[in-house]
Amino acid sequence: MKKPSMTLKKILTAGLILVLTLCTLTACGGQSGDGESAEGTEELTTLVLGTSADYAPFEFMYPDDNGDMQYGGIDIYTAQYIADYMDVDLQIENMSFNNLLTSLNKGQFDIVLADIEATEERKNAADFSDPYLTELAPQFLVKKENAEQFKSYSDFEGKTIGAQTATTKLDIISEIPDVNPVALQSVLDLIKEVNYGKVDAILVDGSVAQQYQATNDDLVALSFDELGQSADVCVAVAKGDPKGLLPKINEAIAKLNEENKIEEFKQQANDLADVWQEVSAPEDGEEGSEEDAE
């Protein structure tokens, strides 16, 4: 048999190099050793929600028929709708309001829903979806027996008024002349303060004030033009949206709004008003540096 010519050897060598190159490229196009794709993004199978379950009707807990505690509320149902749209599981983590966005950017959650308004200041700390509902302007809650004292906004001057830590409501009351602001982590604690007469009033979002008025005969909700207008509520994701979640979230919100699901979610939350239990998360020792909730 004749030995291969030099030309044939060159052809065979070039062919072998081509085959090895194609194999290498094929391997690079698959999964890397740590389970990430070539783009460096891991396929999402569980959507982790960060919230604070002390803000009915948006987020709370309630016992089911077996006595097991479950999460409920407008934001919880909205997050579940988004997870279903994305075809992933939903995992809920409860945390104090003022740590939510800090923990979001540390990767502890994928999204945050906590009746959050996308203010300009918060946009420096996180990215936000399209609005999924419009929240009523803030309202005061006062004891019914004291309601006659507050005929105008100026009547709150010099009073002791409570609001939730790291919220826009705390900023509002701090601007009232001579007011003594009281900041507490939990709305439940604020309700106790006004019920026990330790504060003259508390300031919360309009929907929350209306809900407490409806379920507590001793409280009255008061609204004033000085408290501002209604505001859009959005889903928060980590700054820069590193996981690329916003496009799918916005698609889900568009479908949710088209189907008018928020009204359905409001009714679901109201149906549980007799059994809901607002649960404050224990402090984790970390203080958020920005406004995180409401």
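Numbers here simply count residues along the sequence, with the first being 1.
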Is the [atom1] atom of [X] crowded by more than 12 outside heavy atoms at less than 6.0 Å?
| X | atom1 | answer |
| --- | --- | --- |
| Asp178 | CG | no |
| Asp64 | CG | yes |
| Asn124 | CG | yes |
| Lys198 | NZ | no |
| Lys143 | NZ | yes |

Nearest heavy-atom neighbours spanning [X] and [Y]:
| X | Y | result |
| --- | --- | --- |
| Pro131 | Asn257 | O-ND2, 3.5 Å |
| Ala236 | Phe128 | CB-CE2, 3.7 Å |
| Ala163 | Ile173 | CB-CD1, 3.8 Å |
| Ala53 | Asn94 | N-OD1, 2.8 Å |
| Phe224 | Lys151 | CE2-O, 3.8 Å |
| Ala166 | Arg122 | O-NH2, 4.5 Å |

Can you tell me how far [atom2] of [Y] sits from [atom1] of [X], rounded to the nearest 0.5 angstrom?
| X | Y | atom1 | atom2 | result |
| --- | --- | --- | --- | --- |
| Asp155 | Ile176 | CG | CD1 | 11.0 Å |
| Leu141 | Gln210 | CG | CD | 8.5 Å |
| Leu256 | Asp130 | CG | CG | 11.5 Å |
| Asp54 | Ser186 | CG | OG | 4.5 Å |
| Asn195 | Ile202 | CG | CD1 | 8.5 Å |
| Tyr55 | Leu113 | OH | CG | 14.0 Å |

Would you please say whether a donor-acceptor pair under 3.5 Å links the side chains of [X] and [Y]?
| X | Y | value |
| --- | --- | --- |
| Ser207 | Glu135 | yes |
| Asp189 | Gln185 | no |
| Glu93 | Gln91 | yes |
| Glu264 | Asn260 | no |
| Tyr132 | Asp75 | yes |
| Asn99 | Ser96 | yes |
| Glu251 | Tyr85 | yes |

Under a 4.5 Å cut-off applied to non-hydrogen side-chain atoms, are [X] and [Y] in contact?
| X | Y | value |
| --- | --- | --- |
| Ser103 | Met95 | yes |
| Lys169 | Gln164 | no |
| Ile76 | Phe58 | no |
| Thr168 | Glu117 | yes |
| Ile161 | Val179 | yes |
| Phe140 | Val204 | no |
| Val112 | Leu49 | no |
| Val194 | Leu219 | yes |

For a side chain to side chain contact (heavy atoms under 4.5 Å, CB included) check, start with the C-alpha distance between Ile191 and Glu193, then their side-chain angles and the critical distance, and finish with the verdict. CA-CA 5 Å; Ile191 293 296; Glu193 292 289 287; over 6 Å; no
[X] side chain to [Y] main-chain N or O, any donor-acceptor pair under 3.5 Å?
| X | Y | answer |
| --- | --- | --- |
| Lys239 | Lys123 | yes |
| Asn180 | Lys159 | no |
| Ser129 | Val235 | yes |

I want to know whether Tyr71 and Phe60 have ring centres closer than 6.0 Å. no
Between [X] and [Y], is there shared hydrophobic-cluster membership here, with clusters defined by ILVMFWY side-chain heavy atoms closer than 4.5 Å?
| X | Y | result |
| --- | --- | --- |
| Leu227 | Leu170 | yes |
| Val233 | Ile172 | no |
| Met61 | Ile92 | yes |
| Val182 | Leu222 | no |
| Val237 | Leu90 | yes |

Salt bridge present between [X] and [Y] (N-O < 4.0 angstrom):
| X | Y | value |
| --- | --- | --- |
| Asp218 | Lys144 | no |
| Lys255 | Glu259 | yes |
| Glu258 | Lys261 | no |
| Asp110 | Lys243 | yes |

Determine whether Asn146 and Asp200 satisfy the following criterion, side chain to side chain contact (heavy atoms under 4.5 Å, CB included), listing intermediate values before the conclusion. CA-CA 8 Å; Asn146 299 328; Asp200 298 300; over 6 Å; no
For a side chain to side chain contact (heavy atoms under 4.5 Å, CB included) check, start with the C-alpha distance between Ile249 and Ile111, then their side-chain angles and the critical distance, and finish with the verdict. CA-CA 10 Å; Ile249 290 173; Ile111 58 175; 3.7 Å; yes
Mind telling me whether Phe156 and Phe150 have parallel, tilted or perpendicular rings, with 30° and 60° as the class edges? parallel
